[in-house]
Structure formats: structure tokens, C-alpha cells
Enquirer: 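The structure that follows is given in the form of C-alpha cells.
Just so it is clear, the values below take in all heavy atoms, side chains as well, and ignore hydrogens, waters and symmetry mates. Chain naming here is simple, since letters A, B, ... match the order of the sequence lines and numbering starts at 1 in each.
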Amino acid sequence: MFSVSLQQGDFDPGSLENALRSGNADVGAIACFTGYVRRDPQRPQLTGLSIEHYEGMTEKTIEASLVEASTRWPLESARVVHRVGPLDVGDRIVWVGVSSSHRSAAFAACEFIMDTLKTTAPLWKRELGLPGDPWVEAQAQDRLRAARWRKENL
Amino acid sequence: MKVLFFASVRERLGCAEMEFSAGSEEMTTESLREALMSRGGEAWQEALGQPNLVCAVNQTVVSDVAQLASDDEVAFFPPVTGG
């Protein structure tokens with residue numbers, strides 16, 4: 001019902017979505033999010049990203065966010081796939097899929113899981129192609145987006 | 001106890017994993033951090049002295065100072081940037 005995969009290889013969003021439904025007739029809505037490595041017009045030297053993770057804790061942290069999502073919204077299933085290692089511009093990085101009876105729960109849970117992942121899962125990106133392959137700095141706007149869910153819960 | 005470092009912290013220290021023996025002393029996350037900083041020299045002071053450093057004990061982030069046991073796994077890392 002809830003699963004998390006960390007992997008080097010690519011994934012197929014279509015197959016993941018089909019597997020999420022897997023013949024469950026209670027599913028009326030599936031919301032999916034796919035994140036990609038994008039280019040930066042300001043820095044054309046950027047060729048990709050490399051992603052490091054904390055084996056065990058990364059999976060555990062994301063799983064906890066799926067369980068939390070299921071306590072907030074009536075979900076049928078939820079799955080996260082996140083890639084690690086070197087990736088090129090244009091590559092897929094992350095996939096989040098949520099199934100539910102109704103769309104409002106699926107939309108909200110999908111966004112909640114992604115916002116929580118970005119601020120709690122021990123994953124770190126570095127930029128490839130730039131001098132020194134610099135580490136990406138955490139963004140205040142990501143923390144604010146994640147904090148929104150805490151406020152809405154009050 | 002096992003101490004792990006990740007991302008920019010790991011790189012600055014040139015160390016991904018180490019064993020730390022506290023002997024008979026009571027350890028907290030804060031006293032461990034200070035001990036590592038004073039033992040390791042300038043790079044260690046800089047990397048482990050940064051104010052936004054995150055500490056996890058047994059793969060759970062701790063926001064306050066936590067007591068440590070000799071078989072704990074402790075990790076120090078910068079703010080996360082996945083997704």
C-alpha cells in the first residue's frame with residue numbers, strides 16, 4: 001500500500017501509475033508528480049546533478065511521510081521513487097503517486113508528500129559541470145511550503 | 001558509537017564514517033560534536049560548527065540535545081536538498 005524506492009536507474013511513470021491502481025475498483029483518482037533535472041539558462045555549463053542519500057534513513061523518512069499522509073487523507077495507496085547518483089539535464093529525478101477514492105485527497109496528499117520529502121528526506125544534490133561541482137543550498141521557499149501543511153493542520 | 005557524515009560535511013572532513021569511543025563518559029549529541037571539533041582541527045571546526053548543521057540519532061533527526069548510548073548511530077549533515 002505504501003512503498004518507497006531509491007534507485008540509480010530511470011523509471012517509467014506510466015507503469016508506476018498503472019501499478020498503483022492495480023485493479024483496485026475503489027480507486028477513483030490518482031495524482032502523480034514527476035520531477036526532472038532542468039537546465040539553468042543563467043548557467044549553461046550545468047550538465048546535471050548528482051544525488052547522495054543516507055541509506056536506510058532516506059527510505060524510512062519518506063515512508064513516514066506516506067503514513068502521515070494516510071492519516072490526513074483517505075488514501076488507497078502511495079508510492080515514491082527517487083533516483084540517486086549522477087543524472088543529466090532532462091532526466092527524471094523523483095516520482096510521487098497517490099491513489100484515493102476522490103481527487104481532492106489525491107491532489108493534496110501528492111503535494112504534501114513532495115513538500116515533506118524536499119525538507120525532511122536526507123538527500124543532497126550537487127551540480128555537475130560547474131567548477132567544484134557545488135552542493136545545492138537548501139531553499140527557504142521549500143521550508144515555507146512544507147510549513148504550510150503544519151499550519152493547515154491547526 | 002558509529003558516526004556518519006554526509007554531503008558537504010563529509011567532503012570537508014574527508015570522512016564518511018568513523019567509530020567514536022566515549023569511554024565511560026556520558027555523551028550527548030552536543031558533547032560529541034564538540035569533541036569531534038576539538039580533535040579534528042580547522043576543517044572539523046568549520047564543518048561541524050556551522051549553525052544549520054543537522055544531527056540524526058539512529059536515523060531520526062533530533063532538534064534538541066539528545067543523550068547518546070555506545071551503540072547509537074549518529075549522523076551529521078547539512079540541510080537536505082532532495083526532490
Enquirer: Does any heavy atom of chain B fall under 4.5 Å from the side chain of A:Glu55, the backbone, both, or neither of them?
Expert: backbone
Enquirer: Would you mind checking which part of A:Gln139 comes under 4.5 Å of any heavy atom in chain B, side chain (CB onward), backbone (N, CA, C, O), both or neither?
Expert: neither
Enquirer: At a heavy-atom separation under 4.5 Å, does B:Asn58 approach chain A through its side chain, its backbone, both, or neither?
Expert: backbone
Enquirer: What part of A:Ile51 lies closer than 4.5 angstrom to a heavy atom of chain B: side chain, backbone, both or neither?
Expert: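 No part of A:Ile51 comes within 4.5 Å of chain B.
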Enquirer: With a 4.5 angstrom heavy-atom cut-off, is it the side chain or the backbone of A:Arg126 that approaches chain B, or both, or neither?
Expert: side chain
Enquirer: Given a strict heavy-atom distance threshold of 4.5 Å, which part of A:Lys60 is in contact with chain B: side chain, backbone, both, or neither?
Expert: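 Side chain only.
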Enquirer: Answer yes or no: is there a donor N or O on one side and an acceptor on the other, between the side chain of B:Glu46 and the main chain of B:Ala43, under 3.5 Å?
Expert: no
Enquirer: Could you check whether any side-chain heavy atom of A:Ser101 comes within less than 4.5 Å of a side-chain heavy atom of A:Glu76, counting everything from C-beta outward?
Expert: yes
Enquirer: Identify which of B:Glu11, B:Glu73, B:Gln59 forms the greatest number of heavy-atom pairs closer than 4.5 Å to chain A.
Expert: B:Gln59
Enquirer: With respect to A:Leu46, which candidate in A:Val37, A:Leu128, A:Leu130 satisfies the side chain to side chain contact (heavy atoms under 4.5 Å, CB included) definition?
Expert: A:Leu130
Enquirer: Relative to chain A, which of B:Gly83, B:Pro78, B:Pro79 shows the most heavy atom pairs under 4.5 Å?
Expert: B:Gly83
Enquirer: A quick test of your reading: do over 12 heavy atoms of other residues, nucleotides or ligands sit less than 6.0 Å from CD of B:Glu25?
Expert: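 It does not: B:Glu25 CD has 12 such atoms or fewer within range.
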Enquirer: Do you know which of A:Val94, A:Thr120, A:Leu123 has the most heavy-atom pairs with chain B at a distance under 4.5 angstrom?
Expert: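 Top count of heavy-atom pairs under 4.5 Å with chain B: A:Leu123.
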Enquirer: Could you point out which residue of A:Val98, A:Leu16, A:Ile113, A:Leu66 forms a side chain to side chain contact (heavy atoms under 4.5 Å, CB included) with A:Arg79?
Expert: A:Leu16
Enquirer: Among the clusters formed by ILVMFWY side chains lying less than 4.5 Å apart, do B:Phe6 and B:Val74 turn up in the same one?
Expert: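 No, it is not one cluster - the side chains of B:Phe6 and B:Val74 are not joined through contacts under 4.5 Å.
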Enquirer: How about CD on A:Glu137, more than 12 heavy atoms from neighbouring residues, nucleotides or ligands closer than 6.0 Å, or not?
Expert: no
